[in-house]
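Structure record follows, encoded as structure tokens.
Lettering follows sequence order; numbering is per chain, from 1.
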Number of protein chains: 2
Amino acid sequence: MSDEELAAVLDAVGERVDPTPDERERLADAVERLKDRARDALDEVAPDVDADLVQVGSTARGTWISGDRDIDLFVRFPADLSRSELERIGLAVGNETLPEGHEEYAEHPYVVGTFEGYDVDLVPCFDVEAATEIRTAVDRTPFHNAYLQERLTDDLAADVRLLKQFLKGIGAYGSNLKTRGFSGYLTELLVVEYGGFVPVLETAADEWLPPVKLDPEDHAAETFDDPLVVIDPTDPERNVAAVVSAENVARLQHYARDLLDDPDEDRFYPDLVEPLSPADVRVHLDRRGTTPLAVRFGAPDLVEDQLYPQLRRSLDGLERGLENAGFDVLRTATFADGDAVLFCELAVAELPAVQRHDGPPVHVRQHAEGFYDKYEEADAYGPFLDGERYVVERDREVRTAEQFAREKLDSVALGQHVASIVDAGDYDVLVDDEVADLANDFGQALATYFDPEP
Amino acid sequence: MSDEELAAVLDAVGERVDPTPDERERLADAVERLKDRARDALDEVAPDVDADLVQVGSTARGTWISGDRDIDLFVRFPADLSRSELERIGLAVGNETLPEGHEEYAEHPYVVGTFEGYDVDLVPCFDVEAATEIRTAVDRTPFHNAYLQERLTDDLAADVRLLKQFLKGIGAYGSNLKTRGFSGYLTELLVVEYGGFVPVLETAADEWLPPVKLDPEDHAAETFDDPLVVIDPTDPERNVAAVVSAENVARLQHYARDLLDDPDEDRFYPDLVEPLSPADVRVHLDRRGTTPLAVRFGAPDLVEDQLYPQLRRSLDGLERGLENAGFDVLRTATFADGDAVLFCELAVAELPAVQRHDGPPVHVRQHAEGFYDKYEEADAYGPFLDGERYVVERDREVRTAEQFAREKLDSVALGQHVASIVDAGDYDVLVDDEVADLANDFGQALATYFDPEP
């Protein structure tokens with residue numbers, strides 16, 4: 001009986017992801033001590049400022065995966081404080097509380113450090129009236145926290161952990177721009193909205209017809225084009241799922257069906273991917289009879305959330321450029337790890353010397369005569385007629401993808417930092433065996449490429 | 001001054017195409033004697049039938065090109081005669097009048113022979129009230145003849161000869177299904193309607209925006225999809241230009257501009273085409289970097305008006321089949337002269353071993369699961385996700401055009417007679433040098449193919 005099998009699998013996963021009572025207690029104690037230190041620091045740095053401390057995030061809501069050791073502590077300042085004061089006091093409190101920590105910058109500065117073995121983010125924010133009146137992006141977080149704390153029972157919190165772990169297993173967890181998956185907050189909203197882990201899977205498996213729209217508070221004040229739309233209960237103008245790709249929506253649907261049909265604990269943990277060797281890559285390319293092309297360069301010095309959009313934009317530009325030049329591109333991928341790679345797999349190695357170029361219909365006299373005159377004396381076949389149009393077969397500028405990558409890469413739409421690298425000629429074009437040798441550095445990515453799964 | 005140049009050119013062409021007074025007189029005399037003989041034959045074969053004789057065609061209307069020696073004589077029988085009687089008497093009169101002639105069949109039988117050095121068609125038809133009441137296709141001809149004779153002045157007849165000769169020069173004369181050009185009747189209607197040769201060219205050059213619609217009697221009773229529509233003045237339901245291809249409309253527009261811009265007598269006479277040798281073809285193919293394919297077979301025993309539509313349909317079927325199989329077809333042609341050839345020039349010699357195959361969106365559950373289950377255990381790459389869809393890369397059945405022509409030709413839409421030949425395996429597939437050797441039999445057609453003009 002599949003229901004029993006599923007229950008057994010979920011129990012087994014729960015054993016691994018649920019924090020033990022001891023783990024909870026240690027965390028709670030550590031948070032209390034951390035708050036005391038932060039309170040002391042506040043009193044010392046800004047005794048006249050009426051700020052409070054709010055623990056947020058999964059460890060505040062009991063939805064963390066056992067073993068995670070993240071504490072998010074917000075220092076909430078009065079909304080009438082100036083932004084520079086907030087930053088000054090916020091950082092001073094952070095540095096006093098976490099003397100070994102360092103400052104980081106998202107939209108505004110905060111302090112990251114460790115405390116009794118926990119990784120702590122100590123973040124200053126404004127205490128605004130509502131999430132719609134935020135002054136900085138982080139001001140929204142305490143509202144999210146309050147909304148969820150009100151609704152998350154212990155059972156639902158346990159189901160959030162299952163869904164997070166499941167999304168990790170299938171590679172769809174995380175709202176970073178490399179993954180474009182489900183954030184923690186989104187995961188919690190889905191479990192609250194559908195009433196548990198299994199209902200989320202059942203609905204995704206059976207009922208989701210993207211674009212999927214959820215509006216827990218029934219207060220949407222905008223429309224969104226995204227495949228999954230979950231209106232933020234604390235902000236009617238925000239889609240919590242804006243970053244989730246169509247592929248990750250489909251991925252959840254696929255694996256939801258898979259798990260419900262055939263419960264398997266392994267599905268909650270990512271497969272170990274055995275890296276390919278250059279010889280393995282050569283076997284695949286021979287088997288596929290395709291022509292690979294890779295453009296390799298030192299990855300620009302950017303955080304992943306900036307790097308991956310740039311690489312994707314550059315890969316799209318390269319693919320479109322190749323297709324406009326007449327190449328049939330079978331599949332593409334981008335890898336980054338120190339170096340970055342734009343990888344294209346082409347149907348053929350070489351195009352003909354001539355390419356067909358359709359002119360205007362003969363009856364559009366001015367254009368037609370312009371076209372005819374331009375090519376009449378040119379080194380081209382034609383102009384001749386195909387139906388009502390002039391056609392010529394003129395010399396193709398680029399016959400191989402390698403030549404395109406060497407000579408035309410600067411003409412396609414690239415991410416800004418990649419464009420600078422290409423303009424400086426600071427890249428290598430790899431063909432044939434050199435592509436296979438990429439496996440020395442990107443063997444895992446190539447293994448996924450050549451054994452693709454949903 | 002271009003007008004004077006044009007006048008000089010037209011005078012020179014007129015010199016060549018206008019029949020001399022002597023030629024006209026000899027023809028008129030011969031027609032009289034032919035009519036006498038036909039009248040005698042009628043009196044002998046069917047003394048009680050009230051038939052008359054009508055000379056039709058260009059030699060009846062003074063629009064023939066000097067040197068043409070065709071006489072069309074219609075024997076017009078009462079409309080209440082039975083069809084079998086018409087055929088019996090018609091053939092008997094024909095055979096009596098042209099004792100060396102032979103019977104031919106269009107829609108119904110007629111007799112073809114020579115008389116005093118002229119080629120004679122002796123055709124029985126019905127004397128119906130109007131062209132809309134015809135019992136056989138040829139019954140319409142006397143109405144066409146009467147309509148034009150009323151309107152063709154000597155000047156217009158001279159202009160008809162110029163337009164016919166011009167259309168011959170550019171390869172657009174003739175309503176046969178090989179040429180798909182302008183018939184004699186259509187040529188005469190255009191000259192009458194626009195008022196001369198130069199007005200026809202000026203209008204075609206400047207004003208024609210296909211579909212071009214002309215309705216001299218303003219009585220159209222149907223709509224037509226053709227690029228050129230000239231409603232028959234004697235039949236509101238008939239497009240006289242139905243057979244004219246879009247290409248020939250464009251061709252007339254192109255060369256009309258050409259002649260008006262730069263009058264040149266040579267344009268009235270087809271270029272002599274120097275046949276290519278196999279070595280010439282090889283040079284072109286090397287220069288073009290393409291992959292040629294030819295299918296060759298004994299042409300089915302059909303008149304050209306049946307053969308060419310069959311060959312074109314077969315060529316289209318082959319081209320579509322190749323494209324559906326993933327081949328990029330640059331250009332095609334068909335030749336026939338004893339043997340028939342379907343010729344395709346392909347962009348590449350070999351396709352990859354795998355081809356992308358898009359499945360349904362994952363959210364269309366039943367289809368999606370069917371697709372996934374079908375390919376999950378198959379020897380294919382994937383299924384994986386691209387956006388919301390499943391995709392697989394599966395083995396391609398056919399990797400070369402040669403293989404397609406050998407194994408899959410019977411699966412494409414072919415002309416009926418060609419299909420029988422293909423089903424019997426009675427064809428050769430030529431690649432590489434064998435294609436160049438086609439020049440031994442089709443050197444002129446290949447010369448036109450590799451030096452295409454409007």
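Of all the heavy atoms in B:Asp261 and A:Glu369, the pair that sits closest is OD2-OE2, 4.2 Å. Residues B:Gly387 and A:Ala250 share a closest heavy-atom pair of O-CB, 4.0 Å. Smallest separation of non-hydrogen atoms from B:Arg257 and A:Ala368: NH1-CB, 4.1 Å. Residue A:Glu350 comes nearest to B:Val348 through the heavy atom pair O-CG1, 3.7 Å, listed as atom of the first residue, atom of the second, then distance.
Annotation: maximal heavy-atom pairing with chain B below 4.5 Å, among A:Ala205, A:Ala349, A:Ser245, occurs at A:Ala205. Of all the listed residues (A:Gln253, A:Arg396, A:His363, A:Glu207), the one sharing the greatest number of non-hydrogen pairs under 4.5 Å with chain B is A:His363. Per-residue heavy-atom pair counts under 4.5 Å with chain B were compared for A:Asp286, A:Asp328, A:Leu346, A:Asp395, and the maximum is reached by A:Asp395.
Residues of residues 352-361 of chain B placed with any heavy atom under 4.5 Å of a heavy atom in chain A are listed by number as B:Pro352, B:Ala353, B:Val354, B:Arg356. Inspection of non-hydrogen atoms places A:Phe450, A:Pro452, A:Glu453, A:Pro454 of residues 445-454 of chain A under 4.5 Å from chain B.
Partner of A:Tyr381 under the side chain to side chain donor-acceptor pair (under 3.5 Å) criterion, out of B:Arg287, B:His284, B:Arg331: B:His284 alone.
Cation-pi check for A:Arg251 over B:Phe384 is not met; the charged atom does not lie both under 6.0 angstrom from the ring centroid and within 45 degrees of its normal.
Separating the CG atom in B:Leu385 from the NE2 atom in A:His254 is a distance of 7.0 Å, to the nearest 0.5 Å. One finds the CG atom of A:Leu209 at 12.0 Å from the CZ atom of B:Arg365 (value rounded to the nearest 0.5 Å).
Within a 6.0 Å sphere centred on CG of A:Asp225, other residues, nucleotides and ligands contribute 12 heavy atoms or fewer. Counting heavy atoms of neighbouring residues, nucleotides and ligands inside a 6.0 Å radius, atom CD of B:Glu397 does not exceed 12 of them. Residue A:Glu274 places its CD atom among 12 or fewer non-hydrogen atoms of other residues, nucleotides or ligands, all under 6.0 Å distant.
At a 4.5 Å heavy-atom cutoff, the contact between A:Asp386 and chain B is made by backbone and side-chain atoms alike. Heavy atoms closer than 4.5 Å to chain A are found in both the backbone and the side chain of B:Asp206. With a 4.5 angstrom heavy-atom cutoff, B:Glu393 touches chain A only via side-chain atoms. At a 4.5 Å heavy-atom cutoff, the contact between B:Pro383 and chain A is made by backbone atoms alone.
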